[in-house]
Undergrad: 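Have a look at this one before I ask anything.
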Amino acid sequence: MSAAIADQLPDAAGEAHHAGDVVLDIKDLTVAFPTEEGVVRAVSNLSYQARLGRTLAIVGESGSGKSVSSMAVLGLHNMKRTRITGSIKLDGEELVGAPQSTFQRIRSQQVAMVFQDPQSSLHPFYKIGDQIAEAYRTHHKVAKSVARARAVEMLDRVGIPNPQRRAKQYPHEFSGGMRQRAMIALGLVNNPKLLIADEPTTALDVTVQAQILDLINDLRKEFGSGVILITHDLAVVAETADDIVVMYAGRAVEKGAAKEVLAQPSHPYTYGLLQSLPSPTEEQSELKAIQGAPPSLLALPPGCSFHPRCTFKELVGERCWTEVPEWRDAPGLTNRVIRCHLEDPVGVLHADEEAHHHG
Ligand code: SF4
């Protein structure tokens with residue numbers, strides 16, 4: 001199907017998808033959990049936009065808060081124990097403070113979810129085809145036979161061989177990769193505007209990983225939905241993402257076009273993540289893991305949260321541990337914003353890489 005036709009495809013609410021439109025607009029989102037030991041600041045002042053027909057990667061180590069905003073979009077936090085402020089607009093509708101009924105509608109109709117563990121979305125006691133057909137019938141007044149045919153069509157579309165026969169099987173009869181495909185089919189049956197994939201390939205072997213990423217990519221083009229890809233794996237980002245948000249200790253620290261950020265990082269943390277990746281071109285590449293560990297979200301370091309691990313802080317001095325960096329344009333780069341006090345981050349990081357390379 002051509003992209004132009006995909007742009008015209010109606011969603012479950014009968015509206016056309018227009019590539020490039022903002023589908024999710026998160027502004028100044030803060031999510032905190034009061035606990036006995038103190039307040040856990042899972043996400044602080046987070047802002048980003050996801051657009052139809054594009055893939056936005058949210059990247060960070062575990063505990064960086066990379067999954068927290070999508071949980072908030074889906075209403076999956078325990079509302080009594082969570083403090084959420086700021087704004088989350090899905091297709092223009094404000095979700096902060098919305099009732100559970102709104103989130104139920106969103107989860108069944110507007111947003112599809114793909115998690116690391118497909119078991120969490122597929123019911124073990126119902127046949128795969130029946131689950132997809134039922135999800136379809138929730139929003140389409142059609143006969144069971146029509147919904148079943150649609151389920152088989154979706155299984156076929158996500159690359160499951162013998163979809164007629166497979167539709168009659170239970171989740172335990174599927175391999176891990178096939179279950180992941182079935183979950184994607186279930187998620188996309190109502191043509192949602194947003195697909196949230198949270199570490200969708202982490203549990204799979206490398207070949208199946210690549211197939212699932214290709215599939216998500218193809219479906220994004222065909223259905224015209226926006227995709228949010230949450231991952232710790234920069235290799236996955238390089239394969240699939242258009243835009244990237246790098247998170248550290250509950251804050252976004254760098255945002256820009258994915259390929260450009262990976263080619264030329266301008267925040268010391270992004271740089272550190274990239275340095276710790278094995279290089280495909282150098283056989284003897286020396287892996288440099290970032291020293292230390294992420295901080296506790298109960299007691300964030302003052303100033304820039306990354307300062308205890310940052311090897312460039314001496315170039316700035318005191319401000320790094322006293323002042324939280326505000327967003328600013330990365331000098332010399334277009335469409336790139338960072339939270340870092342370095343005067344010439346690109347130059348400094350480039351010089352470090354050169355020294356590392358030749359040293
Ligand atoms: Fe490092 Fe300072 Fe930049 Fe933080 S603000 S990343 S500590 S140089």
Side-chain angles (χ1 to χ4, degrees), residues 24 48-51 53-71 73 111-118 120-121 158-159 175-185 187-188 194-223 225-248 252-265 267 269-282 285 287-290 294 336:
L24 180 69
Y48 64 78
Q49 292 184 326
R51 292 174 185 275
R54 290 179 75 84
T55 297
L56 168 76
I58 303 183
V59 175
E61 295 165 285
S62 65
S64 62
K66 62 184 188 293
S67 299
V68 175
S69 59
S70 62
M71 299 268 291
V73 172
V111 182
M113 306 165 271
V114 179
F115 294 120
Q116 183 173 337
D117 175 15
S120 57
S121 290
V158 298
S175 68
M178 286 296 159
R179 268 202 295 268
Q180 201 62 292
R181 286 173 191 269
M183 179 160 58
I184 294 172
L188 292 180
L194 186 65
L195 171 72
I196 297 177
D198 193 342
E199 302 280 9
T201 60
T202 303
L204 306 171
D205 73 48
V206 177
T207 325
V208 183
Q209 261 188 25
Q211 290 168 357
I212 296 290
L213 291 175
D214 281 351
L215 174 65
I216 291 176
N217 240 344
D218 289 350
L219 294 170
R220 171 179 57 79
K221 287 185 203 141
E222 182 178 331
F223 289 77
S225 357
V227 174
I228 294 182
L229 179 70
I230 300 165
T231 182
H232 68 282
D233 186 343
L234 287 175
V236 165
V237 177
E239 289 292 310
T240 15
D242 300 296
D243 309 299
I244 187 170
V245 176
V246 182
M247 292 194 64
Y248 185 77
V253 294
E254 179 159 13
K255 296 194 269 192
K259 285 203 171 60
E260 291 170 17
V261 170
L262 298 186
Q264 193 169 41
H267 190 284
Y269 177 62
T270 317
Y271 174 74
L273 279 182
L274 282 160
Q275 290 288 305
S276 57
L277 275 184
S279 155
T281 49
E282 290 166 59
S285 79
L287 294 190
K288 273 197 351 184
I290 305 173
R336 184 81 66 88

Undergrad: Measuring from K221:NZ to T55:OG1, what's the distance to the nearest 0.5 Å?
TA: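 Taking NZ in K221 and OG1 in T55, the distance rounds to 9.0 Å.
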Undergrad: From L219 CG over to L188 CG, what is the distance, rounded to the nearest 0.5 angstrom?
TA: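 One gets 5.5 Å once the value is rounded to the nearest 0.5 Å.
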Undergrad: State the OG1-CG distance between T201 and L229, to the nearest 0.5 angstrom.
TA: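 It comes to 7.5 Å.
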Undergrad: Write out all pairs satisfying salt bridge (charged side-chain N to carboxylate O under 4.0 Å, His left out) with one or both partners inside residues 233-245, taking only residues at least two apart or from two chains.
TA: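 Passing the test, one end in residues 233-245: R54-D243.
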Undergrad: Provide the closest heavy-atom pair for T240 versus L213 in the form atom of the first, atom of the second, distance.
TA: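 Looking at all heavy atoms of both residues, the closest pair is CG2-O, 3.9 Å.
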Undergrad: Which heavy-atom pair separates P200 from I230 by the least distance, and what is that distance?
TA: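 That closest heavy-atom pairing would be CD-O, 4.2 Å.
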Undergrad: To the nearest 0.5 Å, what is the distance between NZ on K255 and OG1 on T270?
TA: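 Answer for the NZ-OG1 pair, K255 versus T270, is 12.5 Å.
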Undergrad: Y269 and E61: side-chain hydrogen bond (donor to acceptor under 3.5 Å, both in side chains), yes or no, with the steps?
TA: CA-CA 11 Å; Y269 177 62; E61 295 165 285; 2.8 Å; yes
Undergrad: Okay, side chain of R220, backbone of S225: is any donor-acceptor separation there less than 3.5 Å?
TA: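 No: the side chain of R220 does not pair with the backbone of S225.
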Undergrad: Which heavy atom of A241 sits nearest to which heavy atom of A57, and what is that distance?
TA: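 Looks like CB-CB, 3.6 Å.
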Undergrad: Partners of E260 by salt bridge (charged side-chain N to carboxylate O under 4.0 Å, His left out), sequence neighbours excluded?
TA: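 So E260 forms no salt bridge (charged side-chain N to carboxylate O under 4.0 Å, His left out) with any residue.
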Undergrad: How far apart are the closest heavy atoms of R181 and I212, and which atoms are they?
TA: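 Heavy atoms only, the tightest pair is CG-CD1, 3.7 Å.
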Undergrad: Once rounded to the nearest 0.5 Å, what's the spacing between atom CD1 of I184 and atom CD1 of I216?
TA: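 Those atoms lie 4.5 Å apart.
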Undergrad: Atom CG of L262 and atom CG of L273: how far apart are they, to the nearest 0.5 Å?
TA: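 L262 CG to L273 CG: 10.0 Å, rounded to 0.5 Å.
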Undergrad: Looking at every non-hydrogen atom in both residues, tell me the closest pair between I244 and L56 and how far apart they are.
TA: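 Of all heavy-atom pairs spanning I244 and L56, the closest is N-CD1, 4.1 Å.
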Undergrad: I58 and S69: which non-hydrogen atoms are nearest, and at how many Å?
TA: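 Of all heavy-atom pairs spanning I58 and S69, the closest is CD1-OG, 4.3 Å.
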Undergrad: Test side-chain contact (heavy atoms from CB on, under 4.5 Å) on R336 and V261 and set out the steps.
TA: CA-CA 8 Å; R336 184 81 66 88; V261 170; 3.5 Å; yes
Undergrad: Is S70 close to I228 at the side-chain level, that is, under 4.5 Å between some pair of heavy atoms?
TA: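 Of all side-chain heavy-atom pairs linking S70 with I228, none is under 4.5 Å.
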Undergrad: If we only count heavy atoms from C-beta on, is the E199 to K66 side-chain gap below 4.5 Å?
TA: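 Yes, their side chains come closer than 4.5 Å.
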